[in-house]
Amino acid sequence: MNKTDLVKAIADGAGLSQADAKKALDATLDAITTSLKKQDKVVLVGFGTFDVAVRQARQGVNPSNGTKIQIPEKKVVKFKAGAALNDVVK
């Protein structure tokens, strides 16, 4: 499913026009993004949790020539599915 398919599904499920559904989806994604930029956790009960984690710096290997390289610390977004979502995909 891509964004266009999701907008259509939201519009059908909520009885909205596709334009209104797109605005609602965009607003939701913007709110989640803004919260994650502020290092806030986003909890959607039953669906899941978005959180920012720090991946520590580590040493890696360049696969093309085998030399060791230093991989810097990096912030990444993590998602943990909620119980209700896990039950759906079982």
Side-chain angles (χ1 to χ4, degrees):
M1 176 179 275
N2 60 29
K3 187 174 180 179
T4 303
D5 296 334
L6 184 56
V7 167
K8 286 178 186 174
I10 292 169
D12 291 343
L16 300 171
S17 69
Q18 286 191 19
D20 288 341
K22 184 178 183 315
K23 287 178 188 175
L25 178 59
D26 289 341
T28 302
L29 296 176
D30 287 343
I32 292 171
T33 301
T34 300
S35 291
L36 291 173
K37 282 181 183 178
K38 293 189 282 186
Q39 308 295 309
D40 291 339
K41 184 186 291 190
V42 178
V43 180
L44 303 172
V45 176
F47 182 73
T49 303
F50 295 92
D51 199 8
V52 176
V54 176
R55 187 177 293 157
Q56 297 297 322
R58 63 194 192 280
Q59 192 161 349
V61 177
N62 182 337
S64 64
N65 59 18
T67 60
K68 293 186 179 190
I69 57 172
Q70 186 63 26
I71 301 170
E73 179 178 276
K74 180 179 182 180
K75 292 181 183 175
V76 294
V77 176
K78 293 196 172 192
F79 177 76
K80 182 178 180 194
L85 183 60
N86 277 330
D87 290 343
V88 170
V89 296
K90 283 185 179 179

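Predicted model only: the values in this text are computed from it and were never measured.
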> Among pairs that include at least one residue of residues 77-88, which meet side chain to side chain donor-acceptor pair (under 3.5 Å), considering only residues two or more places apart or in two chains?
Replying inline: none
>> Testing the basics here: between V61 and I69, what is the closest heavy-atom pair and its distance to 0.1 Å?
In response: N-CG1, 4.2 Å
>> Going by the rule side chain to side chain donor-acceptor pair (under 3.5 Å), which residues pair with S64 if we only count those two or more places apart in sequence or in a different chain?
In response: N62
> From E73 CD over to R58 CZ, what is the distance, rounded to the nearest 0.5 angstrom?
Replying inline: 11.0 Å
>> Can you give me the closest heavy-atom contact between Q39 and K75, atom names plus distance?
In response: NE2-NZ, 3.6 Å
> By ring pair (Phe, Tyr, Trp, His ring centres under 6.0 Å), which residues pair with F79, not counting sequence neighbours?
Replying inline: F47, F50
> Are V76 and I71 linked, directly or through other ILVMFWY residues, by side chains that come within less than 4.5 angstrom of each other?
Replying inline: no
>> Within this structure, what is the CD1-CG distance for the pair I10 and D5, rounded to the nearest 0.5 Å?
In response: 11.0 Å
> Can you hop from L85 to V77 via hydrophobic side chains spaced under 4.5 Å?
Replying inline: yes
> NZ/K22 to CG/L16 distance, rounded to the nearest 0.5 angstrom?
Replying inline: 14.0 Å
> Considering all heavy atoms of both residues, which atom of G46 and which atom of A84 are nearest to each other, and what is their separation?
Replying inline: O-CB, 3.1 Å
>> K3: which residues meet the side chain to side chain donor-acceptor pair (under 3.5 Å) condition with it, sequence neighbours left out?
In response: D26
> Atom OG1 in T28, atom NZ in K23: separation rounded to 0.5 Å?
Replying inline: 14.0 Å
> For D20, which residues count as a salt bridge (charged side-chain N to carboxylate O under 4.0 Å, His left out) partner, sequence neighbours excluded?
Replying inline: none
>> I'd like to know if V45 and I32 are part of one continuous hydrophobic network [Ile/Leu/Val/Met/Phe/Trp/Tyr, side-chain heavy atoms within less than 4.5 Å].
In response: no
> Under 4.5 Å between side-chain heavy atoms, hopping through other hydrophobics if needed: is there a path connecting L29 to L36?
Replying inline: no
>> Quick test of your reading: applying side chain to side chain donor-acceptor pair (under 3.5 Å), list the pairs with at least one residue in residues 41-57, sequence neighbours left out, ordered by first then second residue.
In response: none
